[in-house]
Amino acid sequence: MKTTTLIAVLLGTGSLIGLAGCAAPVPEEPIATPAYSASPAPTPTKTPLGVKHALFDETNLRTSNTSPTGAAFLAGLEAAGFAADTLEVTTDVTSVGLKSPSIQFAALVDSTCLIGQYGPNGTGYRSITAAPISTGRCLIGAPGGPSA
């Protein structure tokens with residue numbers, strides 16, 4: 001009886017081994033590979049502050065030749081590519097209703113203020129760079145200024 005059981009076990013095992021080789025192959029899923037790029041995507045270049053300051057000056061000098069107002073300086077700067085929400089200007093009129101002796105205007109560029117001043121009474125146009133004041137803006141007063 002032991003011999004019969006052993007033969008049955010061996011035959012059963014052999015048939016399993018034989019059947020294992022007869023199974024249909026399972027197709028492999030294709031593996032998606034990321035597309036290869038020969039060159040990395042270009043990173044946007046940042047315009048140097050000196051170049052932006054030169055554009056600020058060039059624009060304001062052009063505007064100052066037209067009997068400008070604060071609004072004219074802002075319009076010129078915006079047309080030159082400075083973002084409107086970074087621009088500020090002082091009032092064109094004093095608190096007693098007289099024409100201001102000078103107009104200040106500014107553009108916040110990155111973390112630096114480009115500040116311009118125009119005085120029609122012979123002082124002409126000047127500009128500086130400075131850090132923003134504690135409010136994060138460049139000038140004291142209402143954002144955009146009363147002439148905007």
Side-chain angles (χ1 to χ4, degrees), residues 9-148:
V9 170
L10 287 176
L11 284 176
T13 306
S15 64
L16 286 176
I17 292 172
L19 288 176
C22 294
V26 177
E28 291 186 29
E29 294 283 328
I31 298 173
T33 56
Y36 175 73
S37 175
S39 60
T43 54
T45 56
K46 196 174 188 180
T47 305
L49 182 62
V51 172
K52 290 181 181 179
H53 192 181
L55 177 61
F56 183 81
D57 285 344
E58 178 185 321
T59 302
N60 293 326
L61 283 168
R62 233 184 357 255
T63 304
S64 69
N65 290 326
T66 64
S67 299
T69 62
F73 281 107
L74 293 183
L77 289 168
E78 195 172 344
F82 290 89
D85 62 344
T86 68
L87 300 176
E88 300 174 59
V89 66
T90 59
T91 184
D92 294 345
V93 180
T94 67
S95 58
V96 293
L98 301 173
K99 182 174 174 133
S100 293
S102 67
I103 305 166
Q104 289 79 37
F105 34 89
L108 182 63
V109 176
D110 300 324
S111 60
T112 302
C113 293
L114 300 177
I115 302 172
Q117 177 177 329
Y118 175 71
N121 299 333
T123 58
Y125 172 76
R126 292 184 171 66
S127 73
I128 62 167
T129 60
I133 57 178
S134 64
T135 61
R137 297 192 354 242
C138 299
L139 301 175
I140 296 173
S147 2

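One-based numbering along the sequence shown. Note that these values count all heavy atoms, side chains included, but never hydrogens, waters or copies made by symmetry.
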Point to revise | Contact summary for C138 and I115, nearest pair of heavy atoms | key: O-CD1, 4.1 Å

Revision key, fill the gap. CG of L139 to OG1 of T90, rounded to nearest 0.5 Å, is 7.0 Å

Review point. Under 4.5 Å between any side-chain heavy atoms of F56 and V109, yes or no?
Key: no

Point to revise | Inter-residue atom distance I103.CD1 - T69.OG1, 0.5 Å rounding | key: 6.5 Å

**Study point:** Note, K52 side chain near D110 side chain (heavy atom, < 4.5 Å)
**Key:** yes

Revision key, fill the gap. What one should report as the nearest heavy-atom pair of G70 and V89 is CA-CG2, 3.5 Å

Practice item. Might you point out which heavy atoms bring L55 and A80 nearest each other, and give the distance in Å? Key: CD2-O, 3.5 Å

Check your understanding: Does D57 reach the side chain of L114, with side-chain heavy atoms less than 4.5 Å apart?
Key -> no

Review point. Does the T59 side chain pair with the main chain of G76, one donor and one acceptor, at a distance under 3.5 Å?
Key: no

Review point. Is a side-chain N or O of S100 found less than 3.5 angstrom from the main chain of V93, in a donor-acceptor match?
Key: yes

Point to revise | L74 side, atom CG; E88 side, atom CD - distance, nearest 0.5 Å | key: 9.5 Å

Exercise for review: Please name the pair of heavy atoms, one in P132 and one in C113, separated by the smallest distance, quoted to 0.1 Å.
Suggested key: CA-SG, 3.6 Å

Check your understanding: Quick one: does S64's side chain get under 4.5 Å of F73's, heavy atoms only?
Key -> yes

Review point. Which is it for T63 and Y118 under the side-chain contact (heavy atoms from CB on, under 4.5 Å) test, yes or no, and what are the steps along the way?
Key: CA-CA 10 Å; T63 304; Y118 175 71; over 6 Å; no

Point to revise | Exam field: side chain Q117 to backbone S102, donor-acceptor pair closer than 3.5 Å | key: no

